**Student:** 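The structure follows.
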Amino acid sequence: MSTCKDGPVLIDLDDAEVAEPAAAPPVPDLAAPAPTGQAMQTMAALAARKPSRLARWFWSALVALMGFVASVTAYDFVMGLLERNPVLGLTALILIGFFCVILLAIAVKELAAFGRLKKLDTIHADAQEAMASDDLKAARKVTGEIVALYKARPETEWGRARIAERQGDVFDADGLLGLVETDLLDPLDKAARREIEAAARQVATVTAIVPLALADLIAALTANLRMIRRIAEIYGGRSGALGNWRLTRSVLTHLVATGAVAVGDDLIGSVAGGGVLAKVSRRFGEGVVNGALTARVGVAAMEVCRPLPFRAMRRPSVTNLVKRALTGLFGSAEKEG
């Protein structure tokens, strides 16, 4: 560098480093926050929220009042028709009786659904107790209950034959229940994983493509309800409308309590190129996050509905489920990123 007392200052750039525009750090996008999976978090909060005691009293009183009014109205209607025209009155009486029979059948179906869910809960608790105490007799009882539960399922035929052949050679509770888990529950676990992948794909697609307000929330709610119902059916706990809602609340209450519906710092970068998708489009990134949270709900549903806890087999990984579900779905967007 040469200087002059009264002249300009000259700087020699031969040895100096010249900054290149390509080497400059990226400008942070402050206007577009990271995806948070808002639709799934809102759906979980709404489904897991417990109604207040006053609200329960209100709905109970309202249902009782509406039932009473409907009964009195139907009675007056039928009696009036019988007085005016016996044939029409008898027809109305038969139709109302038929309607009441249908309501009774629905009630019986709901009670049977609650019974199936309770049976799965009982088997699950007995299996955990047998493993904790290493009680072979209790483990054999649990094995017999599970085999009887799936005796009409063709996909478990090989597993049931395998257990009948080998259970006499196993002399510890962990080994016997591990045999049931690997040979009998494996095809059911695969079917449940396929349901989770389908639900995650649907929620991610609707979130990324449909720009309508509340569309992602409605898609998340319907897809998760259907997924939980299908997982319960796979494991033998077919649930009705009330049973499915109870099961959904149990699953989502557990997730909210453990914080599993909160988006971790590494969630987007760990599933299906979520980091790239979030940079290309916030909607794509939000779709990936909602799909991942749906997969978390599905894994929790497996743990609730499965007659045995995950022990001999590994618990499904949310990352792997989402990768399989979203492979190729957002491929063009990821390539552009």
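We number each residue from 1, following the sequence as shown. In this text the structure is predicted, and so the values were computed from the model without any measurement. Side-chain atoms are counted along with the backbone in the values below, which use heavy atoms only and exclude waters and symmetry mates.
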**Student:** Would you mind reporting whether Tyr150 and Pro307 have side-chain heavy atoms less than 4.5 Å apart?
**Tutor:** yes

**Student:** Side chains of Ile96 and Cys100: does their closest heavy-atom pair fall under 4.5 Å?
**Tutor:** yes

**Student:** Do Gln202 and Arg226 have side chains that approach each other closer than 4.5 Å (heavy atoms only, starting at C-beta)?
**Tutor:** yes

**Student:** Mind listing the closest non-hydrogen atom pair of Arg116 and Gly236 along with its distance?
**Tutor:** CD-O, 3.9 Å

**Student:** Could you work out, with side-chain hydrogen bond (donor to acceptor under 3.5 Å, both in side chains) as the rule, every residue matching Arg160, not counting sequence neighbours?
**Tutor:** Thr156

**Student:** Any side-chain heavy atom of Leu120 sitting closer than 4.5 Å to one from His124?
**Tutor:** no

**Student:** Please identify each residue that fulfils side-chain hydrogen bond (donor to acceptor under 3.5 Å, both in side chains) with Asp189, with sequence neighbours left out.
**Tutor:** Tyr235, Arg306

**Student:** Side chains of Val299 and Arg315: closer than 4.5 Å at any heavy-atom pair?
**Tutor:** yes

**Student:** What I'd like to find out is whether the side chain of Cys305 reaches to under 4.5 Å of the side chain of Ile234, using heavy atoms alone.
**Tutor:** no

**Student:** So if I apply the side chain to side chain contact (heavy atoms under 4.5 Å, CB included) rule between Thr143 and each of Leu308, Leu179, Leu176, which one comes out positive?
**Tutor:** Leu176

**Student:** Before you tell me yes or no, could you show the steps for Val72 and Asp76 under side-chain contact (heavy atoms from CB on, under 4.5 Å), namely the whole-Å CA-CA distance, both residues' side-chain angles and the distance that decides it to 0.1 Å?
**Tutor:** CA-CA 6 Å; Val72 173; Asp76 291 340; 3.7 Å; yes

**Student:** I need the minimum non-hydrogen distance between Val203 and Ala219, along with the two atoms involved.
**Tutor:** CG2-O, 4.1 Å

**Student:** Show, in sequence, the C-alpha distance, side-chain angles and deciding distance for Val170 and Asp172, and conclude whether the side-chain contact (heavy atoms from CB on, under 4.5 Å) test is met.
**Tutor:** CA-CA 6 Å; Val170 182; Asp172 63 286; 4.0 Å; yes

**Student:** Yes or no on side-chain contact (heavy atoms from CB on, under 4.5 Å) for Glu145 and Lys119, after CA distance, side-chain angles and deciding distance?
**Tutor:** CA-CA 10 Å; Glu145 291 175 348; Lys119 183 177 182 179; 5.7 Å; no

**Student:** In chain order, what residues pass the side-chain hydrogen bond (donor to acceptor under 3.5 Å, both in side chains) check against Glu155, with sequence neighbours excluded?
**Tutor:** Arg153

**Student:** Report the C-alpha separation of Arg230 and Glu233 in whole Å, then their side-chain angles, then the decisive distance to 0.1 Å, and conclude whether the side-chain contact (heavy atoms from CB on, under 4.5 Å) test is met.
**Tutor:** CA-CA 5 Å; Arg230 286 289 302 129; Glu233 291 175 354; 2.7 Å; yes

**Student:** More than 12 heavy atoms of other residues, nucleotides or ligands under 6.0 Å from CH2 of Trp158: is that the case?
**Tutor:** yes

**Student:** For residues Ala92 and Val78, report the shortest heavy-atom separation together with the two atoms involved.
**Tutor:** CB-CG2, 4.3 Å

**Student:** Quick one: closest heavy-atom pair of Thr294 and Met227, and the distance?
**Tutor:** O-CE, 3.6 Å

**Student:** Can you find a pair of side-chain heavy atoms, one from Ile196 and one from Ile231, that are under 4.5 Å apart?
**Tutor:** yes

